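Keep in mind that this is a model prediction, so the values were computed, not measured.
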Amino acid sequence: MQFHHHGYVSGDPRIQAAEGTGIDRPAELPDEVDVLIVGSGPAGMLAAAQLSQFPGITTRMVERRDGRLVIGQADGIQARSVETFQAFGFAERIIAEAYRITEMAFWRPDIKDPTRIIRGGRAVDDATGISEFPHLIVNQARVLDYFAEVAANSPTRLTADYGWDFQGVEVTDGVEYPVAVTLVRSAGPDEGAERIVRAKYVIGCDGARSKVRDSIGCTMAGDKANHAWGVMDVLARTDFPDIRTKCAIQSHDGGSILLIPREGGHLFRMYVDLGVVPEDDNGAVRNTSLETIIAKANQILQPYTLDVRNVAWHSVYEVGHRLTDRFDDVLPQDVGTRTPRVFITGDACHTHSAKAGQGMNVSMQDGFNIAWKLAHVLEGRSPESLLSTYSAERQVVAKNLIDFDKTWSSLMAKKPEEFDDPSELEDFYVRTAEFPAGFMTEYAPSLITGAATHQGLATGFPVGKRFKSAMASRVCDTNPIHLGHHATADGRWRIYVFADAAPAGAASPASELAHWLDTAPESPLAATPQGLDADAWFDVKVIYQQRHEDIDINAVPAVFKPFVGPFELTDYEKVYGTVSGDDIFDVRGLSRDGVVVVVRPDQYVAAVLPLTATAELGDFFGQVHTGQNV
């Protein structure tokens with residue numbers, strides 16, 4: 001964390017000084033806003049936290065509830081999400097309070113006595129080191145609290161406007177605020193009052209029954225639900241030995257349970273198999289009583305018993321897999337002729353079972369994806385065409401998620417005798433670990449993701465996939481740190497220059513690239529407006545092949561040591577060396593001839609280029625930005 005460059009900070013450095021729209025921010029919802037977020041779930045809260053970092057953008061978030069979420073349904077936090085939390089500054093705190101999944105146990109009927117279950121195997125949750133971050137369980141409400149804190153402490157002092165229910169939207173092109181949103185007061189003394197708020201853009205984060213989705217003519221299509229599960233968060237006494245371990249439990253004739261221990265050391269969640277739903281059920285299964293769910297759980301757990309003492313929450317849901325064909329308001333016949341104004345995220349555009357633990361995680365990445373793009377367009381950094389990449393990118397991700405969840409849900413619902421191999425469920429869990437961890441997303445070439453022409457120069461940083469951090473040694477303070485952990489959710493592009501073998505200051509491709517970045521009109525850095533810090537739009541770092549003690553910080557080119565803040569202080573934290581025994585060049589398959597790795601504001605690798613490919617680098621950012629020397 002960097003602070004003091006604007007003057008001495010004696011208080012909490014996470015609370016940024018109010019700036020722009022955060023100065024005298026009106027308590028009441030204004031008539032006109034730049035971005036209106038509808039819904040304060042995971043996607044909405046993350047989008048708000050990201051947009052709150054842009055002081056010149058007026059962002060408001062409306063929520064039908066009268067206050068913060070008290071208890072959420074989602075609880076699985078995949079490692080990719082924890083990486084994202086790191087960018088927003090609260091990974092360490094949420095890890096400390098969460099339950100950490102390190103293994104999963106698989107229980108199945110005892111061959112000698114099928115009426116009893118036995119532990120059939122265990123699987124390490126991340127056997128291959130997919131991420132340095134853990135797989136967590138923590139209530140959705142706490143995740144939202146942390147994002148709300150980030151937004152409230154931001155320069156814009158963004159907080160939710162509770163008690164407003166979205167009714168409809170109309171888009172009129174050719175005016176400054178083309179999106180007219182009708183809202184109705186859902187709480188407070190003026191409940192029932194109606195008003196219209198005009199926005200430049202709207203993000204719909206209002207769940208599976210999304211009114212925003214309906215208002216732009218999107219429909220959900222997919223498989224009809226045919227299997228039901230009872231889910232309960234409980235405090236209980238039990239002699240089941242793995243009650244504090246994530247488990248898949250299959251019984252001989254009573255169905256199955258997915259057991260998820262919760263944060264706090266005592267609470268746990270059970271997804272209890274209620275069986276196939278008849279065609280003529282018409283939703284009757286949703287009326288299954290809590291007592292029935294508990295009895296079913298005891299039947300599956302035999303010879304163990306479950307004595308439920310307290311129920312925090314319970315529900316019944318039917319597994320269905322549904323997806324919209326687009327995630328914005330541009331109709332198929334209008335693609336290429338207009339840019340979107342209204343976007344939908346999360347459950348508003350993709351629904352699936354909860355057992356893969358992906359709903360909240362994928363929704364947050366939806367919010368991350370659209371928020372930084374809206375900010376760049378509204379600030380004039382990027383053309384409006386950037387917004388069309390949101391639906392193109394995230395619709396594919398949702399489709400892949402649904403395909404994965406269909407397989408996982410089907411396996412969880414199968415009877416033991418239907419498996420060709422007793423370890424089939426366990427094998428699938430291990431074999432597909434990268435997907436549920438959130439790391440299989442791979443964006444196709446587009447305006448903001450280049451072709452993998454030079455992928456061989458950085459095999460550990462696949463173009464289109466998230467930037468997988470690795471250790472490097474910061475020269476100024478000699479600290480070995482994860483390189484990616486210094487990248488905050490500030491909307492900046494990252495340009496990592498992995499230098500050739502020459503030392504700092506010597507004539508080399510790396511020093512020539514540094515000179516070009518610093519002086520050439522075609523350099524992406526030339527787009528940074530006058531009056532802003534040199535690194536306001538681009539965070540440029542260099543990683544030398546030498547150890548930190550062998551790098552002369554004074555010989556490092558100036559572009560890697562920019563002046564920042566009103567006092568024009570030198571930022572020394574952009575210069576790195578390698579860590580002995582954990583060399584990032586070896587760990588991530590980086591060419592010893594050097595390589596440039598460009599990373600998007602949402603942490604995905606956008607380009608891999610040779611150090612000498614200045615023309616390609618300039619051309620790439622020439623498309624991303626509206627023009628040089630803005």
Side-chain angles (χ1 to χ4, degrees), residues 42 68-79 81-82 85 90-107 117-119 122-126 133-146 229-251 254-274 288-317 354-357 359-361 412 429 436:
R68 67 174 284 272
L69 185 70
V70 176
I71 182 169
Q73 297 181 14
D75 62 358
I77 307 294
Q78 305 295 354
S81 293
V82 186
F85 299 163
F90 61 86
E92 289 184 2
R93 288 190 293 154
I94 201 168
I95 289 171
E97 71 177 77
Y99 172 84
R100 180 169 180 170
I101 297 176
T102 55
E103 284 190 4
M104 183 170 181
F106 295 84
W107 288 73
I117 58 170
I118 61 171
R119 188 190 300 112
R122 295 180 186 269
V124 175
D125 192 70
D126 183 7
F133 288 109
H135 182 182
L136 305 177
I137 301 293
V138 66
N139 190 274
Q140 172 185 334
R142 293 295 294 135
V143 176
L144 302 188
D145 287 344
Y146 278 110
W229 297 77
V231 56
M232 55 183 181
D233 287 335
V234 300
L235 298 168
R237 284 186 179 178
T238 179
D239 57 352
F240 180 66
D242 287 349
I243 198 64
R244 296 303 301 167
T245 302
K246 182 181 178 182
C247 297
I249 306 166
Q250 297 172 296
S251 71
S256 62
I257 289 174
L258 181 62
L259 168 65
I260 310 289
R262 295 289 301 273
E263 67 279 11
H266 300 282
L267 189 71
F268 59 88
R269 172 170 292 186
M270 280 186 166
Y271 292 95
V272 182
D273 189 355
L274 299 180
T288 303
S289 68
L290 174 63
E291 292 73 22
T292 300
I293 297 171
I294 294 172
K296 186 74 170 176
N298 271 291
Q299 180 186 354
I300 295 169
L301 286 171
Q302 291 181 28
Y304 306 104
T305 59
L306 182 73
D307 177 13
V308 175
R309 297 301 183 91
N310 179 263
V311 180
W313 171 81
H314 82 282
S315 184
V316 175
Y317 74 92
K355 291 185 296 302
M360 175 165 51
N361 296 279
M412 282 296 301
Y429 180 81

> Compare all side-chain heavy atoms of R68 with those of L144 and state whether any distance is below 4.5 angstrom.
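Side-chain contact under 4.5 Å: no.
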> Taking atom OG of S256 and atom CH2 of W229, what is their separation to the nearest 0.5 Å?
3.5 Å
> Could you walk me through whether I95 and F133 pass the side chain to side chain contact (heavy atoms under 4.5 Å, CB included) check?
CA-CA 9 Å; I95 289 171; F133 288 109; 4.3 Å; yes
> Can you measure from CD (E263) to CG (L136) and round to the nearest 0.5 angstrom?
10.0 Å
> Please report the closest heavy-atom contact between M270 and I243, naming both atoms and the distance.
CE-CD1, 4.4 Å
> So do R269 and M232 actually touch side chain to side chain, heavy atoms under 4.5 Å?
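Counting from C-beta outward, M232 and R269 never come under 4.5 Å.
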> Give me the one residue out of V231, L259, I257, I293 that meets side chain to side chain contact (heavy atoms under 4.5 Å, CB included) with Y271.
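Only match with Y271 under side chain to side chain contact (heavy atoms under 4.5 Å, CB included): V231.
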> Please name the pair of heavy atoms, one in R244 and one in R262, separated by the smallest distance, quoted to 0.1 Å.
NH2-O, 2.7 Å
> Between atom CD of Q78 and atom NE2 of H135, what is the distance when rounded to the nearest 0.5 Å?
3.5 Å
> Once rounded to the nearest 0.5 Å, what's the spacing between atom CD1 of I94 and atom CZ of R142?
7.0 Å
> Between Y99 and I260, is there a donor-acceptor pair closer than 3.5 Å when you use the side chain of the first and the backbone of the second?
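No.
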> For R100, does the CZ atom sit with more than 12 other heavy atoms under 6.0 Å from it, leaving out its own atoms?
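No, because the 6.0 Å sphere around CZ of R100 holds 12 heavy atoms or fewer from other groups.
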> How close do I117 and Q250 get, heavy atom to heavy atom, and via which atoms?
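Shortest heavy-atom separation between I117 and Q250 comes out as CG2-O, 3.6 Å.
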> What is the minimum heavy-atom distance between D273 and K296, and which atoms define it?
O-CE, 3.1 Å
> Minimum heavy-atom separation for I137 to P261, with atom names?
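It is CG2-O, 3.3 Å.
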> I'd like to know if the side chain of D233 and the backbone of L267 have a donor-acceptor N/O pair within less than 3.5 Å.
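Side chain of D233 to backbone of L267: no pair is present.
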> Please report the closest heavy-atom contact between E103 and T245, naming both atoms and the distance.
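Scanning both residues completely, I find the closest heavy atoms to be O-CG2, 3.9 Å.
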> Distance-only criterion, 3.5 Å: show the donor-acceptor pairs between side-chain atoms of residues 308-315 and protein atoms not counting sequence neighbours.
residue	atom	partner	partner atom	Å
R309	NE	D307	OD2	2.9
R309	NH2	D307	OD2	3.2

> Ignoring hydrogens and angles, write down the donor-acceptor pairs under 3.5 Å from the side chains of residues 297-304, residues two or more places apart or on other chains.
residue	atom	partner	partner atom	Å
N298	OD1	L306	N	2.7
N298	ND2	I294	O	3.2
N298	ND2	L306	O	3.2

> State, with a plain yes or no, whether a side-chain heavy atom of V138 is found less than 4.5 Å away from one of E97.
yes
> Name each donor-acceptor pair under 3.5 Å that joins a side chain in residues 234-241 to protein atoms two or more places apart or in another chain, with its distance.
residue	atom	partner	partner atom	Å
T238	OG1	F240	N	3.0
T238	OG1	T305	O	2.6
D239	OD1	T305	N	2.9

